[in-house]
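Atoms within a ligand are numbered from 1 in the order they appear, just like the ligands themselves.
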Amino acid sequence: MGSDRRFLFDAIIEHTKTFRYIFLSLNILLFPVVYLVVYFTGGTQYSYLHIMYIPIMMSAFLFGWKGGVLAGLVGGFLLGPFMMLDTSAGIEQPFMNWFYRLMYFVLIGLVLGYILDRLREQMLRMLNLHTRSFDTGIINYNYYLKHRNIRASGEQRVTMAVVVNNYEQLTSLLGRDAYIEVFQEFYRALKSVLPVKALVFQVDFHRFWVDLSADDFRQIRDSLSDSLEKVTLYSEHIPLYLDYSIGISMPSPRRTLHERFKESDVAAMHAKKQSLKIVMYHDDHLHDEMMLKRLGELPLALQNDDLFLEYQPLIDLQSDKVVGIEALVRWRHEDKILYPNEFIPLAEESRIIDDLTLWVFRRVLHDFKELYAIAPDVDIALNISQKNLFNKDLLDTMVKEIEASDFNGRHLHIEMTESSMMKNRMSTSMFFNKLKEHNVKIIIDDFGTGYSSLSCLRDLPADTVKIDRDFTMNLEEDPSLAYLVEAIVDLAHNLHLKVIAEGVEDQDILNRLKAIGCDYVQGFLYSKPMSKEALFAWLKERQAT
Ligand code: C2E
Ligand code: CA
Ligand code: CA
């Protein structure tokens with residue numbers, strides 16, 4: 001009932017025009033009716049004249065302050081020079097009598113109309129906020145939920161997810177405002193190639209969902225891809241490459257419409273992975289559906305602290321001392337422990353990766369305080385994802401929290417893989433240079449796997465290079481790898497960078513790395529990643545010996 005009432009109110013606000021025409025005729029009729037009532041009840045000496053407030057108020061409601069003032073004037077005159085004080089005795093009204101009343105009517109019309117104007121404005125704004133996306137103004141899921149009951153429920157519906165894959169590159173290239181314009185243009189293009197009755201709405205900053213009838217879908221299924229290919233989007237007259245994928249879910253009696261939108265998302269994800277434009281949802285995608293479900297659980301896991309960190313020590317090869325630890329995230333999930341490769345790539349598909357990084361960052365700051373108390377020479381490192389580079393808010397928050405903390409970033413290292421850095425060089429410099437201003441050190445992770453030429457090392461804003469474990473592990477078997485590692489170490493040292501070798505599992509390799517001149521090592525030979533408590537115990541034991 002409550003929602004029906006709200007629906008009616010929304011409808012009045014949204015369809016003011018229609019209501020105006022209906023009530024206008026009714027209202028015009030009311031003036032002569034009130035006039036006659038006052039006339040036949042004996043004139044303005046009796047209080048029946050107050051009925052005139054009804055059409056005045058109604059005009060103010062329908063037409064705002066202008067309507068209110070006009071109605072006040074009309075009502076005031078009708079009950080003014082054209083009406084007697086006492087109709088049976090034939091006594092005329094004194095001028096001041098009706099003139100004051102007229103002013104009063106006008107004032108009421110004006111004030112009421114003004115208030116209602118503002119109220120309507122506010123309501124409209126709220127309604128828009130609820131049913132339209134905040135930055136693009138495009139209708140959203142709430143709008144869809146409200147209007148879909150209009151659609152025949154028995155009809156077979158097809159759902160689609162249309163995802164812009166390169167929106168992060170576009171936002172960093174064009175800026176947010178220009179991206180929004182491109183996204184709006186894409187929306188219009190999408191609507192123009194889809195049947196008129198298809199409902200297209202925005203789900204997030206790079207994704208639309210589409211609901212259309214199976215019949216409509218049949219008409220466009222073969223031409224959709226071609227028609228979209230023909231669309232060119234521009235920003236400031238520069239043609240842009242918008243990389244998108246479309247996932248489609250066909251009608252199925254087993255699934256609700258909402259589940260089918262999710263299926264479309266999964267199919268779109270597949271399209272992106274396989275560099276295809278359009279993919280139909282298929283039962284083989286069930287695995288991804290499970291992953292998507294997991295992705296849905298991740299925000300809650302963050303809230304409930306179901307994630308935790310393990311730490312792996314970093315050892316100085318010269319002194320054999322522990323100089324750092326690296327935080328590695330894990331997820332306690334349904335009595336199993338999930339490792340990063342089982343959920344980080346998923347989180348990277350959405351903005352959740354920013355929340356995850358922030359969670360790790362905060363936990364690291366927190367744990368560092370305890371670490372500092374027992375081992376003040378040990379630094380701490382965390383991993384971040386390339387997707388984080390595009391979130392300025394995240395960077396600002398991190399900087400603020402570093403400023404607020406006691407150690408001012410001096411002992412903090414941030415790792416990102418070489419390939420991620422190379423793929424986003426502009427954003428990488430921007431992001432890391434800001435952190436470096438706060439004394440944070442940057443580590444290029446998995447170095448050697450990014451296939452960039454060694455000379456690129458000079459251009460990256462890094463302090464340390466971490467040679468990938470594929471190199472370290474095969475150092476003994478493959479002599480050419482040893483040369484390569486030597487070359488990396490030399491070059492890094494020439495550029496005043498430190499070198500870490502990760503994945504050190506045996507003593508021979510350790511000796512080899514020492515001979516090559518590597519600075520630090522990390523690996524199972526010393527320790528596997530372990531809980532904070534285990535790490536502290538381990539550190540104390542080493543300090544004792
Ligand atoms: P990574 O940064 O290269 O981390 C090192 C990985 O190698 C860890 O796997 C670690 O357990 C493993 N490892 C360490 N020493 C040895 C060794 O001697 N031998 C072998 N075989 N493996 C060793 P893990 O914890 O599964 O992490 C995998 C990747 O997940 C990490 O690779 C990192 O890229 C990512 N990751 C971990 N934590 C986070 C995080 O908090 N945020 C982000 N964005 N990524 C994370
Ligand atoms: Ca790492
Ligand atoms: Ca690594």
Side-chain angles (χ1 to χ4, degrees), residues 298 301-302 305-315 322 324-332 336-367 379-391 394 398 412-421 424 428 431 441-450 462-476 485 488 499-510 513 518 520-532 534-535:
L298 193 52
L302 282 167
D305 277 348
D306 288 340
L307 300 195
F308 64 98
L309 295 181
E310 282 191 331
Y311 291 103
Q312 189 180 34
L314 182 77
I315 286 93
V322 180
I325 54 173
E326 178 185 3
L328 297 157
V329 69
R330 278 93 181 83
W331 179 0
R332 217 174 284 112
K336 237 180 75 186
I337 287 179
L338 299 181
Y339 285 85
N341 62 342
E342 295 170 279
F343 60 94
I344 296 270
L346 263 182
E348 285 178 334
E349 295 289 325
S350 84
R351 283 268 141 246
I352 294 169
I353 188 64
D354 294 331
D355 299 335
L356 187 143
T357 296
L358 196 59
W359 186 93
V360 172
F361 174 77
R362 286 182 171 151
R363 185 50 61 96
V364 158
L365 284 198
H366 170 269
D367 289 353
D379 287 0
I380 200 162
L382 69 128
N383 295 277
I384 72 164
S385 150
Q386 56 169 312
K387 304 281 167 152
N388 298 140
L389 296 175
F390 301 98
N391 191 334
L394 176 73
M398 284 169 67
L412 187 65
H413 300 244
I414 291 190
E415 308 191 2
M416 198 166 79
T417 61
E418 178 201 4
S419 56
S420 303
M421 288 191 180
N424 313 282
T428 300
F431 199 93
K441 301 209 179 54
I442 311 302
I443 299 177
I444 312 178
D445 206 349
D446 300 350
F447 190 80
T449 56
D463 305 278
T464 310
V465 177
K466 191 186 270 193
I467 300 174
D468 189 65
R469 66 165 178 265
D470 272 359
F471 289 77
T472 321
M473 288 176 150
N474 304 311
L475 207 56
E476 290 291 278
V485 171
I488 296 176
V499 182
I500 304 172
E502 67 176 354
V504 180
E505 292 187 358
D506 65 62
Q507 190 64 41
D508 291 343
I509 289 184
L510 186 80
L513 288 165
C518 187
Y520 312 112
V521 289
Q522 198 176 0
F524 294 170
L525 178 66
Y526 283 94
S527 165
K528 291 200 165 174
M530 51 194 156
S531 70
K532 181 177 72 180
L535 171 84

Let's go through Met421 and Ile442 carefully: what are the C-alpha distance in whole Å and the side-chain angles of both, what is the deciding distance for side-chain contact (heavy atoms from CB on, under 4.5 Å) to 0.1 Å, and is it a yes or a no? CA-CA 11 Å; Met421 288 191 180; Ile442 311 302; 3.7 Å; yes
For [X] and [Y], indicate whether the former's side chain and the latter's backbone hold a donor-acceptor pair under 3.5 Å.
{"X": "Glu476", "Y": "Ile509", "answer": "no"}
{"X": "Asn388", "Y": "Ser385", "answer": "yes"}
{"X": "Thr472", "Y": "Glu502", "answer": "yes"}

Please indicate how many protein N/O/S atoms are found closer than 3.0 Å to the Ca ion (ligand 2), with waters neither displayed nor included. 4
Per the ring pair (Phe, Tyr, Trp, His ring centres under 6.0 Å) rule, which among Trp359, Tyr339, Phe343 passes with Trp331? Phe343
Can Asp468 and Thr449 be counted as having a side-chain donor-acceptor contact under 3.5 angstrom? no
In sequence, state the C-alpha distance, the side-chain angles, and the governing distance for Met416 and Leu389, and then conclude on side-chain contact (heavy atoms from CB on, under 4.5 Å). CA-CA 10 Å; Met416 198 166 79; Leu389 296 175; 3.6 Å; yes
Asp379 and His413 have their tightest heavy-atom pair at OD2-NE2, 2.8 Å
Who are the residue neighbours of ligand 1 when the rule is a heavy atom under 4.0 Å from any of its atoms? Gln312, Glu326, Leu328, Val329, Arg330, Pro340, Ile344, Val360, Asn383, Ile384, Ser385, Asp445, Asp446, Arg469, Met473, Glu502, Gly503, Val504, Glu505, Gly523, Phe524, Pro529
Does Glu348 pair with Lys387 as a salt bridge, N-O distance under 4.0 Å? no
